[in-house]
Each structure stands twice: as structure tokens, then as C-alpha cells.
Trainee: 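Shown below is the structure under consideration.
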Amino acid sequence: MFKIPKTKAGIFLKNAIIILASAFCGSSVQIFVMIPNGMSSGGLPGIVRILTHFIPGISYSVLYYALQMVVLVFALITMGWKEVRRIIALAFVYPILLFFFERSGYVFLDSPDPFLAAIIIGVFYGLSGGIGYIGGYSSGGIDTVARIIKFKFLNHVPVGNISLAIDIVIIGISAFVFNTNVAMYAIVTAFVSSKIISAVMLGANGRFVQFDIISREPEKIADFIMHDIRRAATSYVSRGEYTHEERRMVSVICTPGESVKIKKFIAEVDPEAFATIRPITTVWGMDDSFSDITKVDNN
């Protein structure tokens, strides 16, 4: 299997491929499928679709870029450079591709087909989000807005819940601006997108993993796991026999997708942390996502 060498050039090439692949999937489907079929969606594309309906003369890509820059500025003001660093690359590449695709005149479907379009949009959105997320990048859309709201106003609410609420509002407005059918198809798109994102992030690693972290910031990591990921965490003292230094190890059983979120958080609060992940075939427990130990056919 071909692997990119872990040199500075190799790392740059890998990141460039991730950014371009994520931006291509998200931007191309908006121009080639969503707009020609009169569709909408949640997130920033849904907001731009609503605005261009009332301002038909304005370029879709230009308006998208302007709104993305507003999000970028607010993220910089409220959360600092650490958050902006995650989104700045895609925030520039994404609208550039939109601009060129918008002027190509290409349409993917030969004739309008709203249901097929909703599925295709969901698949490409899912690929865009999943690829970007695995690479540690964000397009600076509604997910960033949700993080800003959480950071400033709703610290106790998970980012995913805030993002979902915003998407519901956007899709609801689409029902009034366009029609109910467009809003219903947007829900189909959101559902398909979420499944594709999960599939991309899960990969072939199995349903659950055990994530063990030895860190200088165990309290912050445990708090993130319990309140943002909504998983139970266990911690205990471990001792390194080489240094004879004792540190707390935080352990959690979660999905591979959730482990990606935890990994990204650890990289922010303690880049020198030691972490291991191992796949788990079956988990029995009281959590609704685990198997019921009282049932026979629950492996």
C-alpha cells in the first residue's frame, strides 16, 4: 500500500490532499447538483441559498466566501488563533473552488431529480465533512458557529446539539422561503450526510474502541469526555518505571468517531500526552449504545 513519507514535504502533501479532497466534495456538489436542482440544505450552504433567493444578482461563491470570513473573524475574536488555525485552510480553498465551479456551467444530473439530488448531496457532504474532520480541518461553517456559541454562552451544551439546533432552524426557514418539499429533501440530505461522516470516521476499526490517555491534564480530558462526548471515563494512577513518575491515566470506551474528537482535544490541551487505542469486539453495560448482558444473542 502506498504511504506518504513522514517528512515535512510528505506531511504538507498529505494535508494538501486532505484539504483539496474535502473542499472538492463539498463545493462541487453545491454547484453541480444542489443549485441546478433547486435544493437547499442545513449549514452555511443553506443560509447562502436562502440569501441568494432574496438577492438573485449576487454570486453564490462570493456570498459564501463573505459569510465564511465573518465566521472566521468571530472565531478569531472569541476563541483565538488555535480555533482559527483549524479552519483557515479550508476557509480559503473551499470558496475558490466554488468560484471556478460556478463559472464552469457543468450540471451533474441530465434532468432535475430532487430525491436523487438529496442523496448525492448528502453523500458528498458526508465525504467532505468526514475527510476534513479526520485531517483535523473544519470548513468554518455552522460547526464553528456552534463552537462560538458554546464558548460564549452555552458551556454546558454539547457542540453537536447546538449545531443540530441551528440546522433545524435553517431547514425550517427553507420551508417558508422555498417550499416544504425542499425542506424535507434537506432533511434527507442531513441524514445521509451524518451516516457517511460516521462511516468515514469509523473506517474498518470496529464499533467500539478503548482509549487510554496518560496526560498532564487528566481533569480537562476527563471533563471533555464526560460533558462533550457524553461518555463515562475511568481514571487511575499509573507509574512509569523509567522515570518513576506517577500520572493519572484516563480510560474511556467509545466509538472510533468519538475517539477522533477526543484525540483532537488532547492534541490541543496536551500535545505531549501518551495515548493508545485498541479495538473492542463487544461491550456489555448499562449504556444504551452497549449490549445487554442479560440477552443471549447480543454479541
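Keep in mind that what you see is a predicted model, and the values were worked out from it rather than measured. The residues of the chain are indexed from 1 along the displayed sequence.
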Trainee: Would you mind reporting whether Q30 and Y60 have side-chain heavy atoms less than 4.5 Å apart?
Mentor: yes
Trainee: Strictly distance-based, threshold 3.5 Å: is any side-chain N or O of T52 a donor or acceptor partner for the main-chain N or O of V48?
Mentor: yes
Trainee: Is S251 reaching over with its side chain to a backbone N or O of D212, donor-acceptor style, under 3.5 angstrom?
Mentor: no
Trainee: Quick check for you: to the nearest 0.5 Å, what is the distance between L51 atom CG and I47 atom CD1?
Mentor: 7.5 Å
Trainee: Tell me, yes or no, whether the heavy-atom count around F265 atom CZ, taken from other residues, nucleotides or ligands under 6.0 Å, exceeds 12.
Mentor: yes
Trainee: Establish whether Y125 and I19 are linked, either directly or via other cluster members, by ILVMFWY side-chain heavy-atom contacts under 4.5 Å.
Mentor: yes
Trainee: Judged by atom type as modelled, is there a donor-acceptor pair below 3.5 Å linking the side chain of N37 to the main-chain atoms of D113?
Mentor: yes
Trainee: Got a second to check how far L97's CG is from S61's OG, nearest 0.5 Å?
Mentor: 10.5 Å
Trainee: Is the closest side-chain heavy-atom distance between V252 and I229 below 4.5 Å?
Mentor: no
Trainee: How are the rings of F178 and H53 set to each other: parallel, tilted or perpendicular (split at 30° and 60°)?
Mentor: perpendicular
Trainee: How close do S40 and A186 get, counting heavy atoms only, and between which atoms?
Mentor: O-CB, 3.8 Å
Trainee: Does S22 offer a backbone N or O that forms a donor-acceptor pair with the side chain of S128 under 3.5 Å?
Mentor: yes
Trainee: Going by heavy atoms in the side chains, are I214 and S238 under 4.5 Å from each other?
Mentor: yes
Trainee: Does the plane of the ring in F32 sit parallel, tilted or perpendicular to the ring in F101? Use 30° and 60° as the thresholds.
Mentor: tilted
Trainee: Kindly determine whether Y65 and F92 satisfy side-chain contact (heavy atoms from CB on, under 4.5 Å), including the steps that lead there.
Mentor: CA-CA 8 Å; Y65 181 77; F92 279 101; 3.4 Å; yes
Trainee: Taking the side chain from E102 and the backbone from S59, do they hold a donor-acceptor pair closer than 3.5 Å?
Mentor: no
Trainee: Starting from the C-alpha separation in whole Å, work towards a yes-or-no answer on side-chain contact (heavy atoms from CB on, under 4.5 Å) for I213 and D270.
Mentor: CA-CA 10 Å; I213 311 108; D270 185 9; over 6 Å; no
Trainee: Is there a chain of hydrophobic side chains (I, L, V, M, F, W, Y, each step under 4.5 Å between heavy atoms) that links I171 to L67?
Mentor: no
Trainee: With distance as the sole test, does R103 use its side chain to make a donor-acceptor pair with the main-chain N or O of F100 at under 3.5 Å?
Mentor: no
Trainee: If hydrophobic clusters are built by linking Ile, Leu, Val, Met, Phe, Trp and Tyr wherever their side-chain heavy atoms come under 4.5 Å apart, do L116 and V107 end up in the same one?
Mentor: no
Trainee: Backbone N or O of M39 within a donor-acceptor pair of the R49 side chain at under 3.5 Å?
Mentor: yes
Trainee: Can you see which heavy atom on A275 is nearest to which on F211, and at what distance?
Mentor: CB-CE2, 3.5 Å
Trainee: What's the separation between atom CZ in R248 and atom OG1 in T234, rounded to the nearest 0.5 Å?
Mentor: 11.0 Å
Trainee: How many angstroms lie between CG in L98 and CD1 in I35, if you round to the nearest 0.5 Å?
Mentor: 8.0 Å
Trainee: Do other residues, nucleotides or ligands put more than 12 heavy atoms under 6.0 Å from K264 NZ?
Mentor: yes
Trainee: Evaluate the side-chain proximity of N179 to V182: yes if any heavy-atom separation is below 4.5 Å, no if none is.
Mentor: yes
Trainee: Return the CD to OG distance between E272 and S215, rounded to the nearest 0.5 Å.
Mentor: 9.5 Å
Trainee: Treating Ile, Leu, Val, Met, Phe, Trp and Tyr as nodes and any side-chain heavy-atom pair under 4.5 angstrom as an edge, say whether F176 and V169 lie in one connected cluster.
Mentor: no
Trainee: Give the cluster check for L44 versus F24: same hydrophobic cluster or not, with ILVMFWY residues linked at side-chain heavy-atom distances below 4.5 Å.
Mentor: yes
Trainee: For the pair T180 (side chain) and A175 (backbone), establish whether a donor and an acceptor sit closer than 3.5 Å, ignoring hydrogens and angles.
Mentor: no
Trainee: Please examine the side chains of I266 and F224, heavy atoms only from C-beta on, and report whether any two atoms are closer than 4.5 Å.
Mentor: no
Trainee: Within this structure, what is the OG1-CD1 distance for the pair T189 and I119, rounded to the nearest 0.5 Å?
Mentor: 7.0 Å
